[in-house]
There are 2 protein chains.
Amino acid sequence: MVMTRGTASARPPGRPRSGVNAVVYAATLSTVHELGYARATVDRIAARAGVAKTTIYRRWPSKGELIVDCLLDALGPVPLEGTSQAELMSSTIRWIAAKIGEPGIGDAFAGVFSDAVSDPPLREILSARFQDPYRLQLQDALGEPETRVLFFIDVVVGTLLHRMGMTGSPMADADVTALVDMVLRHFADGADKAETR
Amino acid sequence: MVMTRGTASARPPGRPRSGVNAVVYAATLSTVHELGYARATVDRIAARAGVAKTTIYRRWPSKGELIVDCLLDALGPVPLEGTSQAELMSSTIRWIAAKIGEPGIGDAFAGVFSDAVSDPPLREILSARFQDPYRLQLQDALGEPETRVLFFIDVVVGTLLHRMGMTGSPMADADVTALVDMVLRHFADGADKAETR
DNA sequence: GAGTATCGATACCTATCGTAGCGAAAGAGG
DNA sequence: CCTCTTTCGCTACGATAGGTATCGATACTC
């Protein structure tokens with residue numbers, strides 16, 4: 001096989017990119033944490049990362065995609081702790097709640113989600129690059145059909161983000177527990193009715 | 001009693017305001033519906049309403065407050081159909097889902113909510129002028145404490161808005177039914193545990 | 001008719017996203 | 001060592017939007 005040219009692994013010519021992605025991600029989260037999503041401009045993020053704004057736009061085509069990649073990097077896959085469906089769901093909900101509570105993540109999440117409402121291309125990206133991977137992972141782990149996993153995500157993420165957006169701070173543990181109870185009960189004994197009919 | 005001066009009902013001097021608020025509200029919703037929240041600029045809304053932009057800023061101090069008033073006008077109080085708590089909750093959830101599905105309302109809702117995430121003053125206004133009235137009405141009608149009504153609102157509104165924001169269209173009836181079932185069951189037999197502990 | 005406040009129109013300021021152009025630097029290969 | 005390609009930082013620019021300032025005209029009260 002010809003490996004020296006035309007293959008993806010071939011090193012491209014020219015000056016290689018400097019490895020500043022992680023620095024930019026860190027600068028993004030801390031800036032969002034300190035100033036909020038709207039005031040975390042690309043200029044400010046670039047300045048904090050010690051990088052030119054043009055460098056950021058060379059790697060990410062828009063602020064929205066930068067945030068999406070930043071969140072993917074900060075979150076990683078769902079830990080999936082537990083064996084039963086109830087345990088998996090419970091740990092997933094608490095993992096999401098904890099992540100949303102981490103500095104910058106909740107605001108960035110709510111911010112990019114907000115932008116996507118009136119920005120169809122960004123919504124497409126958010127759906128394909130962010131929601132779909134987690135949805136597929138959960139479909140596989142929970143053994144539930146797509147419809148119900150989408151419902152699960154809407155309820156859990158929607159509830160937590162609404163609280164975060166409305167109060168400015170993450171949901172208290174007691175309410176997260178209530179959310180876990182409510183969702184688990186719904187999925188436990190509502191398996192043959194409700195939205196799949 | 002002196003009624004001719006100093007009373008709130010005394011007519012203020014100067015040219016009276018023309019009664020175009022309703023026209024502006026209609027223009028706002030139709031513009032948001034056609035162009036989305038972000039592209040529904042104040043200039044465009046003013047043009048559609050046949051009104052100068054300065055007139056709008058004379059009545060509403062910001063785009064966010066215009067949207068909040070517009071939503072209050074379009075929604076009105078919760079109808080509160082039914083007598084039992086279950087009926088009241090069910091009709092409330094379906095009423096919210098239906099309203100969010102009406103042209104312009106869902107987008108305006110999600111849009112102003114999004115802006116509020118990184119705009120603390122707007123969040124304050126949204127909380128005080130929009131959420132609080134509905135919360136108090138529901139507290140009274142449902143006979144539940146503030147904590148639980150807030151949880152109810154987070155779950156219902158958060159879920160419906162997340163679906164709306166993610167897909168661009170309102171939640172299907174089958175999923176609304178699932179939401180009703182889940183919430184009703186939670187409040188029915190979880191009254192002594194969960195988040196009030 | 002005097003006073004007051006709103007109306008429409010236009011211009012303007014500021015912030016932000018995103019792009020263009022340029023010389024300098026970092027590598028690969030001859 | 002020289003060339004070629006691409007990224008780097010920098011500065012400037014264009015486009016859009018929220019919001020303000022100003023001004024003559026107008027509507028209504030006293």
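Lettering of chains follows the sequences in order, A, B, ..., and the numbering in each one begins at 1. As the structure is a prediction and not an experimental result, all values here were calculated from the model.
- With sequence neighbours left out, the side chain to side chain donor-acceptor pair (under 3.5 Å) criterion links A:Asn21 to A:Arg59.
- Ring-plane geometry between A:Phe151 and A:Phe187 is classed as tilted, the angle between the planes lying from 30 to 60 degrees on a 0 to 90 degree scale.
- Contact check for B:Val51 versus B:Val23: no side-chain heavy atoms found under the 4.5 Å cut-off.
- A:Ala52 pairs by the side chain to side chain contact (heavy atoms under 4.5 Å, CB included) definition with A:Thr54, A:Thr55, not counting sequence neighbours.
- If you measure from atom CD1 of A:Ile67 to atom C1' of C:dC17, you get 13 Å, rounded to the nearest angstrom.
- Residues passing the salt bridge (Lys or Arg N to Asp or Glu O under 4.0 Å) test with A:Glu102 are A:Lys99, sequence neighbours excluded.
- Listed by chain and residue number, nothing satisfies the salt bridge (Lys or Arg N to Asp or Glu O under 4.0 Å) test with A:Asp107 (two or more places apart in sequence, or in another chain).
- Residues satisfying the salt bridge (Lys or Arg N to Asp or Glu O under 4.0 Å) criterion with B:Arg15, sequence neighbours excluded, are absent altogether.
- A:Ser30 meets the side chain to side chain donor-acceptor pair (under 3.5 Å) test with A:Arg48; sequence neighbours excluded.
- Near DNA chain C, defined here as any heavy-atom distance below 4.0 Å, the residues from residues 44-57 of chain A are A:Arg44, A:Lys53, A:Thr54, A:Tyr57, listed numerically.
- Considering only heavy atoms from C-beta on, B:Ile100 stays 4.5 Å or farther from B:Met171 through its side chain.
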>> At under 4.0 Å between heavy atoms, how does the protein contact nucleotides 23-30 of chain C? Give one character per nucleotide, 5' to 3', with B, S or -.
In response: --BBSS--
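- Sequence order on DNA chain D of the closest nucleotides to B:Ser62 and A:Arg17 puts A:Arg17 first from the 5' end.
- A:Glu146 meets the salt bridge (Lys or Arg N to Asp or Glu O under 4.0 Å) test with A:Arg135; sequence neighbours excluded.
- Proximity of B:Ile67 to B:Tyr37: side-chain heavy atoms (C-beta onward) are separated by under 4.5 Å at one or more points.
- Annotation: side-chain hydrogen bond (donor to acceptor under 3.5 Å, both in side chains) contacts involving residues 63-77 of chain B, sequence neighbours excluded, comprise B:Trp60-B:Asp69, B:Glu65-B:Arg129, B:Asp69-B:Arg129.
- Near DNA chain C, meaning a heavy atom under 4.0 Å away, there are no residues from residues 114-126 of chain B.
- In this structure, CH2 of A:Trp60 is placed 15 Å from P of C:dC17, rounded to the nearest angstrom.
- B:His162 and A:Phe113 have parallel rings, their planes meeting at less than 30° on a 0 to 90° scale where 60° marks the start of perpendicular.
- Where DNA chain D meets chain A (any atom under 4.0 Å from a heavy atom), the bounding nucleotides read 5' to 3' are D:dT5 to D:dT11.
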